[in-house]
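Worksheet for the structure shown next.
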Amino acid sequence: MNTKTLTIGEVHSSLREGRTTATALAESYLSAIAAHDAEIGSYLTVTRERALAKAAQIDHLVEKGDPLPPLAGVPVGIKDVLMTAGVRTTAGSKFLDKFVAPYDATSVARLESAGAVCLGKLNCDEFAMGSSNENSAFYPVHNPHDTTRVPGGSSGGSAASVAAGFAVATLGSDTGGSIRQPAAFCGVVGVLPTYGRVSRYGLIAFASSLDHVGPLANTVEDAATVLGVISGRDPLDSTSAAAPVPDFAAECGRDVKGLRVGLPKEYFSAGLDTEIRNSIERQVDGLRAAGCEIVEITLPHTEYAIPVYYIVATAEASANLARFDGVRYTSRSTQVKTLADMYRKSRDEGFGAEVKRRILLGTYVLSAGYYDAYYRKAQQVRALLLKDFQQAFTQVDAIVTPVTPTAAFKLGEKTGDPMEMYLSDIYTVTANLVGVPGISVPCGTNQQGLPMGIQVLGRHFDESTVLSLASAIERQQK
Ligand code: GLN
């Protein structure tokens, strides 16, 4: 069996027709991980027993001829920022090296109740801060298409494991691009659901007004199926929305004829790699041929998105990360004399350099005297960014842009220059600032054989249009 290309639909029919068992399937993926993940580094923890116990339950259902839930027997991996009861959950940080989650995140619980077989916890940048996975405190992840290159971040393990055939689908988190950017670098599909669509209960918070949980998979339909399972109101997360959840997988086949698709000129300016630009133009020609109306639009405040993001995200991170103080959850420094010393030393030893940089920046922009100049100003500009989108969506039904300015870069290429690293999120952070849904879909490979991605953004809670366009783009690749 080719674990690299297996889809949810194929898992379902193979189980139904007795061509495989959930246990055999889990064993194939576990062996693939054991044999080849050393080169990739996508898993931090493999949960063999949990996987086999779930697989046995599914095989029992199949034997009895019971109806199978939508993800029956589907091998999945979970980004290590989501709680998994009884399993080590590190957020990619040495500080949480020994932390065992006391409960399941809602998204994880929903996956498993839908029959998914959880293979383990996936590597990521520490506290989801990063664009290359090089901020993992454990080991970097390597891009399966070229192991000298990064897989993107912060959900690098989530993207690389799907691309390498170590999971059929995975969960990631996206605060400024962390699902879509690694999906583009690794040649897989990644969905940013609307803010509020998917519960964040059990997600280790980075920046609460920007954090989203979402799926990664090999196909748009698989990502849509997983999205359907994890979506919907959760009484345990007051920010989750009660909006009805459509049958997302069914929406994938919807006709795109007559849809108005916007191309924002600010997203195609200098700095965008020519091969990516050309590929996007080809995809747009395809959409035009399929009956979409292509409209040039403007999102005039785009140039402020990166500075606004790095103020809002760091401000919120500095507050969220205050809970890691050496008292609860984390390791504690022992060489201390006073309580204040204990907090200081534990945080100093526990957090990595990028996390410290963010806490410093965030504390600075919130401090008296600077609050008005930075944090308040950033929130005002954030409102203008939202207005840009509201205005655009009076003209168009969806927006198409690049995901990243370049294809996957080399390991070590940007680690010395945080600004350079931050700029790799230039096309993704705005969706988080305004809360709209988006998707990254593969659109071919460049001359070096590296994957390229295209992004589709939609109106709040209109994942359906986003998915139908994404699926039309996916069909164009064949
Ligand atoms: N790369 C961005 C950052 O470093 C986004 C991270 C994310 O989406 N979690 O903040």
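We count residues from 1, following the sequence as given. Every heavy atom of this structure was used, including side-chain atoms; hydrogens, water molecules and symmetry mates were not. It should be emphasised that the depicted structure is a prediction, and the values quoted were computed from it without experimental measurement.
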Is a side-chain donor or acceptor of [X] paired with a backbone partner of [Y] at a separation under 3.5 angstrom?
X      : Y      : answer
Asp80  : Gly92  : no
Ser42  : Ala160 : no
Ser31  : Glu27  : yes
Lys54  : Cys118 : no
Asn135 : Met129 : yes
Glu266 : Leu299 : yes
Asp37  : Gly41  : yes
Ser154 : Asp125 : no
Ser28  : Ala24  : yes
Gln477 : Ile473 : yes

[X] vs [Y] side-chain heavy atoms within contact, under 4.5 Å:
X      : Y      : answer
Val396 : Ile297 : yes
Val198 : Leu227 : yes
Val168 : Pro75  : yes
Leu450 : Thr445 : no
Glu354 : Met421 : no
Val62  : Thr21  : no
Asn278 : Glu281 : yes
Leu216 : Ser161 : no

Nearest heavy-atom neighbours spanning [X] and [Y]:
X      : Y      : value
Ser464 : Arg254 : CB-NH1, 3.9 Å
Ser178 : Ala128 : OG-O, 4.1 Å
Tyr29  : Phe166 : CD2-C, 3.6 Å
Ser279 : Met452 : CB-CE, 3.7 Å
Ala51  : Leu119 : CB-CD2, 4.2 Å
Val213 : Ser107 : CG1-OG, 3.9 Å

inquiry  = Does Asp66 form a salt bridge (charged side-chain N to carboxylate O under 4.0 Å, His left out) with Lys64? I'd like the steps, not just the answer.
reply    = CA-CA 5 Å; Asp66 282 0; Lys64 284 197 299 179; 3.3 Å; yes
Measuring from atom [atom1] of [X] to atom [atom2] of [Y], what distance do you get when rounded to the nearest 0.5 angstrom?
X      : Y      : atom1 : atom2 : result
Phe389 : Ile399 : CZ    : CD1   : 5.0 Å
Thr194 : Asp462 : OG1   : CG    : 8.0 Å
Leu287 : Ile454 : CG    : CD1   : 7.0 Å
Glu303 : His301 : CD    : NE2   : 9.0 Å
Leu111 : Leu171 : CG    : CG    : 4.5 Å
Asn320 : Phe127 : CG    : CZ    : 10.0 Å

We want to know whether [X] and [Y] form a side-chain donor-acceptor pair, criterion being a heavy-atom distance below 3.5 angstrom.
X      : Y      : result
Arg110 : Ser231 : no
Gln283 : Gln476 : yes
Glu316 : Ser208 : no
Lys79  : Ser158 : no
Asn123 : Ser136 : yes
Lys387 : Gln390 : no

request  = Using a strict cut-off of less than 4.0 Å between a Lys/Arg side-chain nitrogen and an Asp/Glu carboxylate oxygen, indicate whether Arg282 and Asp285 qualify as a salt bridge.
outcome  =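 Result for this pair is no, no salt bridge flagged.
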task = Using the ring of Phe248 (Phe, Tyr or Trp, six-membered ring only), decide whether Arg197 places NZ or CZ under 6.0 Å from its centre and within 45 degrees of its axis.
result =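 No, Arg197 does not sit over the ring of Phe248.
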For a quick test of your reading: what N or O donor-acceptor pairs under 3.5 Å do the side chains of residues 179-186 make, sequence neighbours left out?
residue	atom	partner	partner atom	Å
Arg180	NE	Asp174	OD2	2.9
Arg180	NH1	Thr428	O	3.1
Arg180	NH1	Gln455	OE1	2.8
Arg180	NH2	Asp174	OD1	2.9
Arg180	NH2	Asp174	OD2	3.4
Arg180	NH2	Thr428	O	3.1
Arg180	NH2	Asn432	OD1	2.6
Gln181	OE1	Gly153	N	2.8
Gln181	NE2	Ser131	O	2.9

Among Thr89, Thr90, Thr47, Thr45, the one residue meeting side-chain hydrogen bond (donor to acceptor under 3.5 Å, both in side chains) with Lys121 = Thr89
query = With Arg200, which of Asp234, Thr239, Thr106, Asp211 fulfils side-chain hydrogen bond (donor to acceptor under 3.5 Å, both in side chains)?
reply =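 Answer to the side-chain hydrogen bond (donor to acceptor under 3.5 Å, both in side chains) test with Arg200 among Asp234, Thr239, Thr106, Asp211: Thr239.
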ask   = By side chain to side chain contact (heavy atoms under 4.5 Å, CB included), which residues pair with Glu17, not counting sequence neighbours?
value = Ser13, Arg19
ask   = Parallel under 30°, tilted from 30 to 60°, perpendicular over 60°: which one fits the rings of Tyr195 and His212?
value = perpendicular
request  = Can you sort out the partners of Tyr103 under ring-ring contact (aromatic ring centres under 6.0 Å, His included), two or more places apart, ordered by chain and number?
outcome  = Tyr201
task = Start with the C-alpha gap between Arg50 and Asp104, add the side-chain angles, then the distance that decides, and say whether salt bridge (charged side-chain N to carboxylate O under 4.0 Å, His left out) holds.
result = CA-CA 13 Å; Arg50 187 169 171 138; Asp104 280 324; 3.0 Å; yes
message = Can you confirm whether Lys4 is buried at NZ, in the sense that more than 12 heavy atoms of other residues, nucleotides or ligands lie under 6.0 Å from that atom?
response =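 No, because the 6.0 Å sphere around NZ of Lys4 holds 12 heavy atoms or fewer from other groups.
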task = Start with the C-alpha distance between Asp397 and Thr465, add both sets of side-chain angles, then the distance that settles side-chain hydrogen bond (donor to acceptor under 3.5 Å, both in side chains), and finish with yes or no.
result = CA-CA 8 Å; Asp397 302 302; Thr465 299; over 6 Å; no
